[in-house]
Amino acid sequence: MKIKNTTALQLILASALLSTPFVSSAEDSSDVIKVIDNNWSSQKVLARVAGALLEKIGRDVEIVPADTQGQFAAMGTGDLHLQMEVWEGSMAASFSKEVDAGRMADAGSHTATTREDWWYPNYVEEICPGLPDYKALNDCAEKLSVPETAPNARYLAGPVDWHPEDVERIKALGLNVTIVNAGSADALFGELKSAAKRKEPIILFNWAPNWVGAAYPGKFIEFPRRDDENKCVTDPSWGVNPDMANDCGAAVGGYLKKGVWSDFSKTWPCAYKLVENMDFTGEMIDAAAALVDVDGLDHDEAAEAWIESNQDIVDSWMPECSK
Amino acid sequence: MDSRNSINSPTIFNITTKVFWLAAVLIVLAGWIASSTIPAFKEFPEEWIFPLKDYIDRFFEWIVYEVKFFVGTFAEFKPTDITRGFVAVMKFPLEFTESLFFNGFGKILPPLPWITVVALAFLLGYWIAGLRTSLIAGFSFLYLALFGVWKASMETFALVIITVPFVFSLGVILGIWISKSARVERFWTPVFSIMQSMPPFAYFVPIVVLYGVGDAPAMIATAVFAVPPVARSVFLGLKSVPNDVIEAGLMMGVTPRQLLWRVQLPTARNTILVGLNQGIMMTLAMIVLASLIGASGLGSKLLTSLQGLKIGQAIEQGIAIVVIAVALDQLSQAYANKPPVYKDRTLPWIKQHPYLSIAGAILLVTFIIAYFVPEAQVLPRKLTITTRKFWNGSVEWIDDTLYDTVQPFRNFMLLKILIPVRDFCRAIPWPTLVLLVGLLGYRFGGYKIAISGALMILFPAIMGLWTPTMTTVYMVSLSTCICVVSGFLIGLLSAKNKLLGKISIGFCNFFQTFPSFIYLIPVLMLFKVSDLSAILAMLLFAVTPMIRYTILGLNNVSSNIIESSRQMGTTSWQRLLKVELPIALPEIMLGINQVIFYSLFMVAIASLIGTQDLGAVINGARSGNKVGQALIAGFCIAFLGIASDRIIMAWTKLKKDKLGIRE
């Protein structure tokens with residue numbers, strides 16, 4: 001109860017602080033910072049890199065496993081504090097719900113961008129030479145079909161709620177495609193593994209950066225490019241289909257953000273500076289994941305190794321207040 | 001006329017049966033005609049949908065983020081302060097076991113070295129029940145050390161060792177409480193049914209907002225799922241204590257407390273032990289799910305392996321979970337059956353407590369060894385064994401050999417059976433199904449079961465989840481059919497053959513705790529993302545109760561009855577069909593009932609393969625943090641289970657009455 005009352009007090013103080021310039025000399029609280037640990041390699045290594053750096057400036061850190069679904073509620077209540085990878089494509093809705101409610105804050109974007117869209121392993125081009133152009137989907141619909149979708153091509157999508165606009169995109173672009181929804185990432189790549197072994201045609205949902213790209217080289221299908229103002233979604237008259245919206249692909253350079261609990265910056269102002277400074281490029285993320293997926297290190301060792309080999313970058317992230 | 005009375009008189013029985021069939025045909029016809037003319041009958045009108053899920057969302061927003069009591073006074077608090085306070089209390093024992101098994105106590109004392117834990121496990125097993133238990137316990141922990149899953153296993157073990165007693169004592173308390181009053185029983189029975197049949201995914205979001213993430217909230221989620229079977233066993237055990245035993249106790253002048261602790265509980269011990277076994281199994285079955293709300297250990301490691309498609313690694317971690325379950329189960333069962341030991345107080349302390357002394361010696365010696373030999377503290381990775389290659393190879397081999405063979409089977413099943421059955425189930429007009437369930441309930445159990453059954457089937461329609469619910473009905477009924485037939489046959493053969501029986505029970509124990517997430521991947525590599533894969537993934541788990549209860553039922557047929565039927569000159573076929581099966585029917589029906597619950601439990605997990613049923617609705621709700629949606633879909637699943645449970649139970653009771661078997 002006592003702790004909660006101080007939080008209330010902090011909230012009042014915080015609202016007062018908002019009108020005054022930020023004071024960086026404020027002391028960090030000694031509370032443990034809980035960093036989210038998801039279940040894919042790059043995120044796990046990034047979380048541990050962040051954990052190690054936060055420990056370096058004197059904070060206590062705990063790495064807590066959480067799934068991508070429940071984590072935002074937990075960050076909203078202040079049970080978890082830092083997520084190093086917030087993906088635009090699959091997490092934007094949950095993330096912005098918490099940010100809009102004032103329970104989470106955006107701690108800036110990484111240089112790395114993300115892409116999430118329809119994808120195929122390279123050998124599919126031998127079966128359907130018109131790829132990666134989306135029009136080829138109709139030309140080889142039959143070849144890309146399975147009995148229960150025939151004569152339509154089969155597109156193995158993620159769970160329904162990841163990209164609900166797929167249904168409309170198929171209609172707007174007049175594609176002869178039937179969506180089959182996989183229930184999880186495991187299901188997507190389990191099937192990819194099986195198909196790739198037999199060089200069977202497969203079109204599925206994928207994202208980059210992802211370990212899958214290294215194991216199974218492939219390409220995204222090129223749909224009409226989405227415009228910057230997102231008119232493709234908001235304005236039916238935009239694009240190849242004048243009557244319908246969503247006649248374009250997903251954003252090519254989706255954000256990859258760091259998300260924190262709303263009170264993070266007040267509770268640990270110096271640690272917050274560090275989190276803000278942390279900025280991974282696509283290559284840095286790939287290298288971090290490869291330490292695990294290719295070199296076979298465990299996630300703790302990979303984080304250590306990554307910090308060692310990127311010492312200059314890490315030093316440049318260290319904020320003034322920690323020196 | 002009460003349908004139950006009619007059973008005893010053959011002529012009326014036939015007439016009422018005909019009337020019921022006629023009524024059923026009428027309902028189907030009327031529903032068919034009505035749905036083709038009135039659109040509201042075909043599809044539940046959207047404006048009739050009750051927005052309960054929005055109210056639930058609103059309520060949770062309010063209770064978690066808005067409401068405060070005694071504002072401005074020193075006693076100001078929020079509801080979450082209470083739940084968080086509870087979590088803080090639970091953390092104390094957890095922190096202790098965490099330090100003991102993997103964190104160490106500050107910088108002073110390291111955690112228990114693996115050689116200590118293994119040696120103590122051998123000793124503990126020997127102290128409790130001799131050599132056999134000693135070997136089981138010792139080798140279990142040796143497996144965890146040698147196969148390189150030590151740290152994760154100890155994280156899981158530290159959680160389980162606190163969760164199991166927590167679950168068991170809650171179950172005992174609730175069980176005793178329920179046995180005291182019929183009114184309490186009437187309240188808790190349906191609550192237990194809902195707790196047991198609601199998929200854990202559905203209440204994860206509310207638990208996270210109320211209790212946070214981590215080991216303590218994971219314990220609470222586990223308790224929701226694992227306490228009901230324990231409480232039920234305790235209640236059943238207490239109820240079945242013969243009156244003469246209680247009388248005898250009362251005549252000796254025991255107090256009520258003594259009666260409970262010295263007479264009733266010991267007499268009911270065997271049934272309570274079944275509850276303990278279930279508590280352990282359920283707790284371990286939740287380990288993987290619990291990692292979704294922050295429990296570290298084997299569960300979270302396993303999901304990471306699967307995400308990288310490292311099947312071999314995942315199987316090793318899955319087996320480690322089973323191994324922990326087996327060790328705990330064997331030790332606790334043996335401990336409960338251990339006869340009391342009487343000590344000679346004149347002997348010196350060491351001789352009075354030989355095992356405790358040896359344990360002390362082991363602790364001292366192993367700690368010293370571990371201090372000088374780091375390999376004895378934590379086994380370095382290069383010294384561990386791995387079977388990953390073997391498992392990966394096996395999965396590859398299955399995939400390579402079977403793939404081409406199963407494709408025609410897959411396509412046939414999907415196109416000729418699954419898709420038509422699905423379309424049929426979805427096409428059933430909602431009033432038809434509601435009325436049919438009501439009629440069935442009335443036929444077997446009277447108007448009470450009729451009304452409650454019909455309302456529970458109506459619920460999904462009012463909530464606007466009719467189509468996913470009917471998709472669930474289709475998946476679960478197919479899975480139930482396959483499990484009932486195959487499980488019954490396996491159980492039948494196992495009951496007749498001792499060796500096979502042992503193998504079958506071992507199979508059941510294994511697949512009850514082996515995380516079902518693992519076989520999702522090989523299944524979908526063979527059958528692709530489709531409803532067939534989802535149903536196949538349900539089978540291995542859902543078939544276990546059918547096998548168990550068939551064996552139990554057939555073994556319970558008293559030898560007197562078999563002997564007398566043999567004397568009447570029956571062939572073994574006649575005996576099976578006319579004597580053994582009818583008598584075993586109640587247990588077999590219980591098996592079917594459990595198959596339905598197990599299939600419903602798998603609905604949420606199988607949706608990770610990719611389905612369009614309530615499991616998918618729940619997963620979608622989790623990703624958007626929609627508390628209301630997740631809970632409502634969870635209730636829909638629970639109600640499907642409870643409605644079928646009530647009807648099956650009523651039918652079984654009818655049959656029992658007919659056979660003259662009374663409990």
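Per chain, numbering begins at 1; letters A, B, ... match sequence-line order.
The shortest side-chain heavy-atom distance between A:P65 and B:S296 falls under the 4.5 Å cut-off. At least one side-chain heavy atom of A:R198 sits less than 4.5 Å from a side-chain heavy atom of B:D400. No side-chain heavy atom of A:V180 sits less than 4.5 Å from a side-chain heavy atom of B:S530. At a threshold of 4.5 Å between non-hydrogen side-chain atoms, the residues A:K193 and B:M525 count as touching. No side-chain heavy atom of A:Q71 sits less than 4.5 Å from a side-chain heavy atom of B:V208. Taking the side chain as every heavy atom from C-beta outward, B:R84 and A:T77 approach each other to under 4.5 Å.
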Next item on the list: Show the numbers, then the answer: is there a side chain to side chain contact (heavy atoms under 4.5 Å, CB included) between A:K97 and B:K626?
Entry: CA-CA 11 Å; A:K97 181 184 163 194; B:K626 297 171 196 143; 5.6 Å; no
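Ranked by heavy-atom pairs under 4.5 Å with chain A, the list B:D399, B:N619, B:V209, B:L306 is led by B:D399. Annotation: maximal heavy-atom pairing with chain B below 4.5 Å, among A:A101, A:S194, A:S94, occurs at A:S194. Options A:G190, A:A215, A:A157, A:A195 differ in how many heavy-atom pairs under 4.5 Å they form with chain B, and the most are formed by A:G190. Contact tally against chain B (heavy-atom pairs below 4.5 Å) for A:E200, A:E62, A:E98, A:K34: the top residue is A:E200. When the candidates A:H299, A:R103, A:M91 are compared by the number of heavy-atom contacts under 4.5 Å with chain B, A:R103 comes out ahead. Heavy-atom pairs under 4.5 Å with chain A were tallied for B:D215, B:V529, B:I521; the largest tally goes to B:V529.
Within the model, atoms OG of A:S184 and CG of B:L520 stand 7.0 Å from one another, a figure rounded to the nearest 0.5 Å. Considering CG of A:D186 and CD1 of B:I311, their distance stands at 9.0 Å, rounded to 0.5 Å. Interatomic distance, B:I609 CD1 to A:N181 CG, rounded to the nearest 0.5 Å: 13.5 Å. Of the inter-residue distances, the one linking A:D37 atom CG with B:S291 atom OG reads 10.0 Å to the nearest 0.5 angstrom. Residue A:N38 holds its CG atom at 11.0 Å from CG of B:L303, rounded to the nearest 0.5 Å. Put simply, CG on A:L188 and CG on B:L524 are 9.5 Å apart, with the number rounded to the nearest 0.5 Å.
Taking 4.5 Å as the heavy-atom cut-off, the residues of residues 402-413 of chain B that approach chain A are B:Y403, B:R410, B:N411, ordered by number.
Listed here is the closest heavy atom pair of A:A74 and B:V213: CB-CG1, 3.6 Å.
A:E148 contributes no side-chain N or O that, together with a main-chain N or O of B:L415, makes up a donor-acceptor pair within less than 3.5 Å.
Proximity to chain A (any heavy atom under 4.5 Å) is restricted, for B:E61, to the side chain, taken from C-beta onward. Contact annotation for B:K301: neither backbone nor side-chain heavy atoms come within less than 4.5 Å of a heavy atom of chain A. There is no contact between B:A534 and chain A, counting heavy-atom distances below 4.5 Å. With a threshold of 4.5 angstrom between heavy atoms, B:V523 does not approach chain A through any atom at all. Residue contact with chain B, scored on non-hydrogen atoms closer than 4.5 Å, involves the backbone and the side chain of A:P147 alike.
Under a cut-off of 6.0 angstrom, the local environment of NZ in A:K197 is crowded, with over 12 non-hydrogen atoms contributed by other residues, nucleotides or ligands.
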